[in-house]
Each structure stands twice: as structure tokens, then as C-alpha cells.
Amino acid sequence: MKISLPTKKGTPNTNPEIEFEQLVIIGANGAGKTRFGSRIEELHLDKIHRVSAQKSLTFPSNVSPTSRDRAETAFKYGRYYDHFKSESQYHREKVNARWGGNFNTTLLNDFDKLLVLLHTEEYEESLNYKEGRISKPTTKLDRVQHIWENVLPHRKLIKSAGVIETYPTGQIASKYNAAEMSDGERVIFYLIGEVICASPDSVIIIDEPEMHLHKSLIKTLFDLIEIERSDCSFVYLTHDIDFAFTRHSAVKIWAKSYEGLNVWDYELLDETTPIPEQLYLEVLGSRKPVIFLEGESSSIDYQLYEQVFIDHTLKPLGGCEKVIQSVKSFNEQKGFHHIDSLGIIDRDRRQHQDIINLNAKSIWVLDVAEAENLLLTEEIVKAIAKHMGRDSERIFIQVKQNLLTYFVSQLDTQILLHFKEVLRRDFISLINFSSKNIADVIAEIDGLYSGVNKQKLFDKVKAEFDTVVSTNDYDAVLRLFNLKNALIPHSKVCELTGIKNKEDYLKLVITLLKKKDTVSAAIRNAIDNKIIKSAT
């Protein structure tokens with residue numbers, strides 16, 4: 001989606017354009033975020049649906065359906081006018097009817113209009129089904145219920161004519177009117193409903209999405225909402241950096257201050273640069289444990305771990321040495337903070353003792369050669385195949401055979417690469433000489449190097465690889481086979497599952513991970529189980 005942004009300080013009379021799927025406007029309280037969002041709405045009245053931070057959460061105990069046209073119009077624009085004939089008339093009146101004449105400070109009071117629309121659509125679709133005009137529908141209220149119960153698995157909803165009730169899961173005798181739900185339960189229903197009922201291809205602006213919500217629920221809620229309305233683009237206005245981190249693929253804007261006359265001092269944060277330190281000082285900051293990662297924010301490991309370690313803040317740093325050093329430095333400064341830090345790095349060609357040593361320093365190590373190999377684990381391949389309507393057992397057997405065949409074709413090269421790495425690590429360990437003058441040092445080093453049994457080391461590596469081939473050990477192939485960008489194409493997993501390419505395969509894995517169901521749990525566990533946290 002492409003929209004115009006408000007005028008930026010130093011660029012008078014201009015409204016820069018931005019293209020995005022998710023946009024996060026982050027800044028301290030008083031930085032003008034709400035005005036920023038309402039200004040975007042003013043610039044795009046025809047495509048914006050904005051949910052204010054200041055809103056009534058009074059859940060109507062019952063409502064009466066009306067015509068769908070009246071219900072949709074009142075929900076979108078604030079009221080229905082008999083004499084209005086065009087959308088443009090409603091757009092002009094939206095500021096008065098929906099926003100009480102003030103975009104910025106009016107208390108949004110539309111829960112009743114939301115419920116009327118949901119019940120009206122439910123009633124009309126049920127009639128259409130009863131009269132045989134359509135097949136059994138999935139209504140907007142069905143969709144709201146599905147997400148609400150996924151976010152709050154300890155609660156269930158009951159729908160009846162004009163009334164919604166809820167009860168603790170498994171205790172239907174304890175049902176009560178939804179008007180008596182907690183603030184958190186009501187705001188979750190409200191946010192889901194507002195998004196579900198927004199017009200197709202809308203830009204949905206949500207001010208302070210974290211309000212009234214427990215932090216453990218935020219990521220799941222907005223992941224499911226975004227999946228449900230993949231046709232829409234989302235703008236979030238927040239001061240909570242924890243929430244901002246959950247929208248890892250979003251474009252981020254730092255709102256510094258409102259300068260008056262519809263001008264803001266703000267900065268578009270480049271993905272390749274860290275969030276400025278001043279921003280951390282102005283907002284609350286993250287209180288979660290930190291996991292430092294290899295790669296960048298667009299790398300496979302970050303995208304996967306972001307869905308697995310939802311209770312951590314993830315910080316990609318580039319190389320593995322930087323991860324190791326950052327964890328060490330961060331944990332040495334515990335006197336200045338109370339946040340635990342860990343690291344996750346690729347296994348590459350590390351030996352068992354190396355992994356033990358790294359674990360002792362709070363560095364976790366993948367039990368596959370590199371993060372890309374995670375996508376070929378048995379559980380993920382089968383989950384993707386099943387999702388695509390294929391025979392998951394048959395697909396996995398073919399993927400396994402393809403990869404084993406390719407492994408055999410590359411065997412000699414891979415053995416030499418692993419031997420080279422073993423030799424390199426052994427040689428590095430030999431530089432700790434004890435002699436005191438250069439002549440003795442050279443003699444000592446020559447003696448140590450000549451004492452390394454290169455053939456024995458090679459034979460040990462080769463024996464390990466030969467065992468993998470003779471036993472068709474698929475997990476060992478993923479652990480040993482280090483050949484970037486080659487395994488997925490040669491496994492033919494994309495062709496076998498009917499997916500266009502590796503990028504689309506990864507996107508589907510991420511989408512499945514975001515759903516709070518048994519499939520996402522299985523994939524999450526499969527990834528977590530491929531990380532060595534305490535080697536023995």
C-alpha cells in the first residue's frame with residue numbers, strides 16, 4: 001500500500017509517500033503520534049479505518065440487526081444519512097459523525113455500531129443460506145469468534161440473536177453476557193471486530209494497540225489479525241518498544257515531536273541501521289531477555305526465531321564472533337541491568353567440545369549446519385506438504401532420498417571441508433607456546449605442528465560421513481551438510497509441495513508458525529529441538 005505521510009520538519013508543503021504492508025509509528029508520550037495518525041486519515045479519507053486509543057469499551061448487552069447497507073455505513077462513517085447519495089458525501093461528513101468534529105481528542109464510541117454490523121451480517125448470511133442462495137457461510141462474527149478464542153483459549157463465546165455470551169472453557173453452565181467481560185477480553189473482541197469489518201484493501205490505523213492487553217497476548221493477537229486481513233495494510237501508533245519489536249518486518253518511523261501546523265519532526269528508520277539510542281531512552285525499552293543472533297533482520301534465522309522465542313527480544317548482529325562477544329560483554333555488565341542475554345549461532349562445522357564450551361558461555365548452537373537447513377527438518381516438510389494437500393509421508397520420503405543422493409554426490413568435497421575445519425581448530429590451539437625466545441618458539445611450534453596426526457584426523461572425519469551414508473541418517477545430513485543455498489533446490493521440496501520457490505516456502509512456514517494451533521506448535525517445537533542449549 002502506498003500513502004502520503006504528514007509534512008516533515010524542514011520540508012514545507014510536501015507530503016512524502018511511503019509504501020508498506022505494516023508501518024509502526026513509535027515515539028514517547030506527547031510526541032504527537034495520535035495527531036500523526038489522524039493526519040494520515042485526513043489525507044486519505046477514502047481508504048483509512050482508524051481505531052482511536054481513546055475509545056469506549058462498553059459492550060452492548062444486546063443489539064438489533066438492521067439492513068446491511070445501514071449497518072456498514074454507520075460503522076464506517078459514524079451514522080447513516082437517508083439523503084446522502086455518494087461515498088464522497090460520507091467522506092466529508094466522517095469527521096463530524098464518527099469523530100465528533102475533532103479527529104484528535106474525541107472519544108470513539110462505536111462498539112454498538114460494530115455489534116449491529118456483526119449481527120446484521122450474521123442474520124443476512126444465515127437467511128441466504130436458509131433460502132439456498134449460498135453455501136454454508138463463514139460470517140464476520142464467526143471469524144471474530146475464531147480469533148478471539150485462539151487468543152484466549154481459556155474462554156469461549158456463544159452467539160445468539162442480538163446477544164453474545166461467554167464462559168470459561170469447559171464450564172458452559174457459568175456463561176454470562178459479554179458486557180461483563182474484562183477490559184482485556186472486550187478490547188480484544190473490539191480490535192478483532194474493527195479489523196474484520198473494515199472495507200477491503202483498507203489502511204487500518206490502530207492507536208496504542210498495546211492498551212489494556214497483557215504483553216503475552218499482543219504478538220499472537222496482531223499476527224492472527226494481520227493474517228486474517230492480508231488484503232489490508234496496518235499502521236500502529238505506539239510508545240511501547242516491546243510491541244514495535246513484535247512487528248519485525250514493519251517499516252518504522254520515529255516520531256520525535258509535533259511542531260504545530262500539521263508539521264512533525266520524524267525519522268524513517270533504515271532497516272540496515274539500529275534504532276537510535278535516543279529512542280530507547282525516550283520509550284520504555286524492552287524488559288525481556290535478549291537473544292543475539294547471526295545474520296540480519298531479513299535473514300532466515302531471525303524470521304524463524306522471532307516466531308519461536310516470543311518471550312525474548314531478538315537482536316541480529318551479523319557474524320557469530322560478534323554474537324559471542326556481545327553475549328559475553330552484556331552478561332559482564334549485569335551490575336547495570338537485570339536482563340539476561342543469550343546467543344544463537346549456526347553449527348557450521350563445529351565439533352562437540354566446541355559446542356560444550358559455547359553452551360557454558362550462554363551461546364546456543366544449532367544442531368543443523370545452518371539456519372536454512374531447519375526448513376528441511378522432517379516436521380516442517382510434512383507440515384508444509386499437508387497444508388498444500390499433498391501426501392506428507394510420501395513427500396518427505398522423496399525429499400529425504402533427494403537430499404541423501406545429493407549428499408553422496410558431494411561427499412568427498414564435504415569431507416575435505418570438514419577436515420580443513422578440524423585441522424584449522426587444532427592448529428589454532430597449538431599457538432599457545434611456552435618458549436621465551438624466537439628460536440625456541442619456532443622450534444616448539446614446528447614440533448607441535450609436526451606432531452599432529454593429519455591422517456588420523458582425516459580418517460575420523462571420513463568415518464563419520466561414511467556412517468551417515470550407510471545408515472541413511474537424514475538428521476546427520478542436515479547437521480553436516482554445509483552448502484549455502486544448495487540444499488533446498490536439490491531436495492526439490494518446493495516442486496514436490498507445489499510451491500513456487502524457496503522464498504514462498506519460507507513465507508508459508510512463517511505463516512503457519514504465526515497461527516496458534518497444533519501445526520504451529522509442532523513446527524515451533526521442531527525448531528526449538530534443533531538448538532543445542534546444554535551439550536554434555
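Hydrogens, waters and symmetry mates play no part in the numbers below; they use all other heavy atoms, side chains included.
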Going by an N to O cut-off under 4.0 Å, is there a salt bridge joining Lys502 and Asp504? no
Can you tell me if Asn359 uses its side chain to pair, donor with acceptor, with the backbone of Ile363 under 3.5 Å? yes
Would you check if Arg143 and Glu228 make a side-chain contact, meaning some heavy-atom pair closer than 4.5 Å? yes
Can you tell me how the ring of Phe419 sits relative to the ring of Phe458, calling it parallel under 30°, perpendicular over 60° and tilted otherwise? perpendicular
Side chain Arg349, main chain Val422, donor-acceptor under 3.5 Å: no
Tightest non-hydrogen contact, residues Lys386 and Ser392, listed as N-CB, 4.3 Å
Can you tell me if CD on Glu21 sees more than 12 non-hydrogen neighbours from other groups inside 6.0 Å? no
Min side-chain heavy-atom separation Phe292-Leu314 under 4.5 Å: no
Any Val368 side-chain heavy atom under 4.5 Å of Arg479 side chain: no
Could you go through the side-chain contact (heavy atoms from CB on, under 4.5 Å) check for His387 and Leu508 one step at a time? CA-CA 9 Å; His387 180 81; Leu508 183 52; 3.7 Å; yes
Heavy-atom side-chain contact between Phe243 and Pro209 under 4.5 Å: yes
For the residue pair Asp301 / Ser299, report whether a side-chain donor-acceptor contact shorter than 3.5 Å exists. yes
Within this structure, what is the CD-CD distance for the pair Glu393 and Gln398, rounded to the nearest 0.5 Å? 12.0 Å
Pair Tyr305 and His312, ring centroids less than 6.0 Å apart: no
Could you walk me through whether Ser520 and Lys514 satisfy the side-chain contact (heavy atoms from CB on, under 4.5 Å) test, starting with their C-alpha distance in whole Å, then the side-chain angles of each, then the deciding distance to 0.1 Å, before giving a yes or no? CA-CA 7 Å; Ser520 65; Lys514 287 181 177 180; over 6 Å; no
State, with a plain yes or no, whether a side-chain heavy atom of Leu304 is found less than 4.5 Å away from one of Leu513. yes
Counting C-beta onward and ignoring hydrogens, is there a side-chain heavy-atom pair between Val399 and Leu496 closer than 4.5 Å? yes
Whether Lys136 and Asp142 form a salt bridge (side-chain N of Lys/Arg under 4.0 Å from carboxylate O of Asp/Glu) is what I want to check. no
Output the distance between atom CG (Asp466) and atom CG (Leu411), rounded to the nearest 0.5 Å. 6.0 Å
Per the salt bridge (charged side-chain N to carboxylate O under 4.0 Å, His left out) rule, what does the pair list look like for residues 193-207, sequence neighbours excluded? Arg98-Glu194
Ignoring hydrogens and angles, state whether a donor on the side chain of Glu124 or Asn128 is under 3.5 Å from an acceptor on the partner side chain. no
Is the number of heavy atoms from other residues, nucleotides or ligands within 6.0 Å of NZ (Lys516) greater than 12? yes
Mark yes or no for whether Asp354, through its side chain, and Gln351, through its backbone, hold a donor-acceptor pair below 3.5 Å. yes
Ser341 side, atom OG; Ile291 side, atom CD1 - distance, nearest 0.5 Å: 10.0 Å
Mark yes or no for whether Asn357, through its side chain, and Gln353, through its backbone, hold a donor-acceptor pair below 3.5 Å. yes
Between the side chain of His490 and the main-chain N/O of Ala486, is any donor-acceptor distance below 3.5 Å? yes
Evaluate salt bridge (Lys or Arg N to Asp or Glu O under 4.0 Å) for Asp223 paired with Lys219, printing each intermediate quantity in order. CA-CA 6 Å; Asp223 280 350; Lys219 184 179 184 304; 2.7 Å; yes
So, for Val327 and Lys361, which heavy atoms are closest and what is the spacing to 0.1 Å? CG1-O, 3.6 Å
Under the 3.5 angstrom rule, does the side chain of His44 hit a backbone N or O of Ile3 as a donor-acceptor pair? no
Go through Glu378 and Lys382 one step at a time and tell me if the salt bridge (Lys or Arg N to Asp or Glu O under 4.0 Å) criterion holds. CA-CA 6 Å; Glu378 180 175 353; Lys382 287 182 176 179; 2.6 Å; yes
What are the two closest non-hydrogen atoms of Leu43 and Asn15, and how far apart are they? CD1-ND2, 3.9 Å
Between Pro153 and Asn150, what is the shortest heavy-atom contact and its length? CD-O, 3.7 Å
Assess the residue pair Tyr474 and Phe407 against the criterion (ring-ring contact (aromatic ring centres under 6.0 Å, His included)); give the C-alpha distance rounded to whole Å, side-chain angles, the decisive distance to 0.1 Å, and a yes or no. CA-CA 10 Å; Tyr474 183 75; Phe407 182 72; over 10 Å; no
Less than 4.5 Å apart, side chain to side chain, heavy atoms only: is that true for Gln22 and Val251? no
Run the salt bridge (Lys or Arg N to Asp or Glu O under 4.0 Å) test on Lys515 and Asp517 for me, step by step, so that the C-alpha distance in whole Å, both residues' side-chain angles and the decisive distance to 0.1 Å come before the verdict. CA-CA 6 Å; Lys515 295 185 176 182; Asp517 56 18; 5.8 Å; no
Closest heavy-atom contact between Ala369 and Asp346? O-CB, 3.5 Å
Hey, what do you get for OG1 (Thr246) to CD (Glu210), rounding to the nearest 0.5 Å? 9.5 Å
Please check if the side chain of Asp528 supplies one atom and the backbone of Arg524 the other of a donor-acceptor pair under 3.5 Å. no
Greater than 12 external heavy atoms within 6.0 Å of His154's NE2: yes
Can you tell me if Thr139 and Glu122 form a side-chain donor-acceptor pair at under 3.5 Å? yes
Has Lys420 got a side-chain atom pairing as donor or acceptor with Ile415's backbone, closer than 3.5 angstrom? no
Do Glu125 and Arg68 sit within salt-bridge range, that is, some charged N less than 4.0 Å from a carboxylate O? yes
Neighbour count >12 (heavy atoms, 6.0 Å) for atom NZ, Lys454: yes
Criterion side-chain contact (heavy atoms from CB on, under 4.5 Å) on Val235 and Ile204, from CA distance to verdict: CA-CA 6 Å; Val235 178; Ile204 300 172; over 6 Å; no
Going by heavy atoms in the side chains, are Tyr266 and Phe36 under 4.5 Å from each other? yes
Does Asp367 reach the main-chain N or O of Ile532 with its side chain, forming a donor-acceptor pair under 3.5 Å? no
How are the rings of Phe309 and Trp364 set to each other: parallel, tilted or perpendicular (split at 30° and 60°)? tilted
Heavy-atom nearest pair, Gly498 first then Arg390, reads CA-NH2, 3.5 Å
Taking the side chain from Ser202 and the backbone from Ala198, do they hold a donor-acceptor pair closer than 3.5 Å? no
If you take the centroid of each ring, where Trp contributes its six-membered ring, are Phe20 and Phe234 closer together than 6.0 Å? no
Looking at Glu226 and Arg247, is any side-chain nitrogen of the basic one under 4.0 Å from a carboxylate oxygen of the acidic one? yes
Taking it one step at a time, do Thr238 and Ile25 satisfy side-chain contact (heavy atoms from CB on, under 4.5 Å)? CA-CA 6 Å; Thr238 184; Ile25 316 296; over 6 Å; no
Check against salt bridge (Lys or Arg N to Asp or Glu O under 4.0 Å), Glu370 and Arg347: CA-CA 6 Å; Glu370 53 186 308; Arg347 178 166 186 142; over 6 Å; no
Looking at Lys156, Lys140, Lys159, which hits side chain to side chain contact (heavy atoms under 4.5 Å, CB included) with Gln145? Lys159
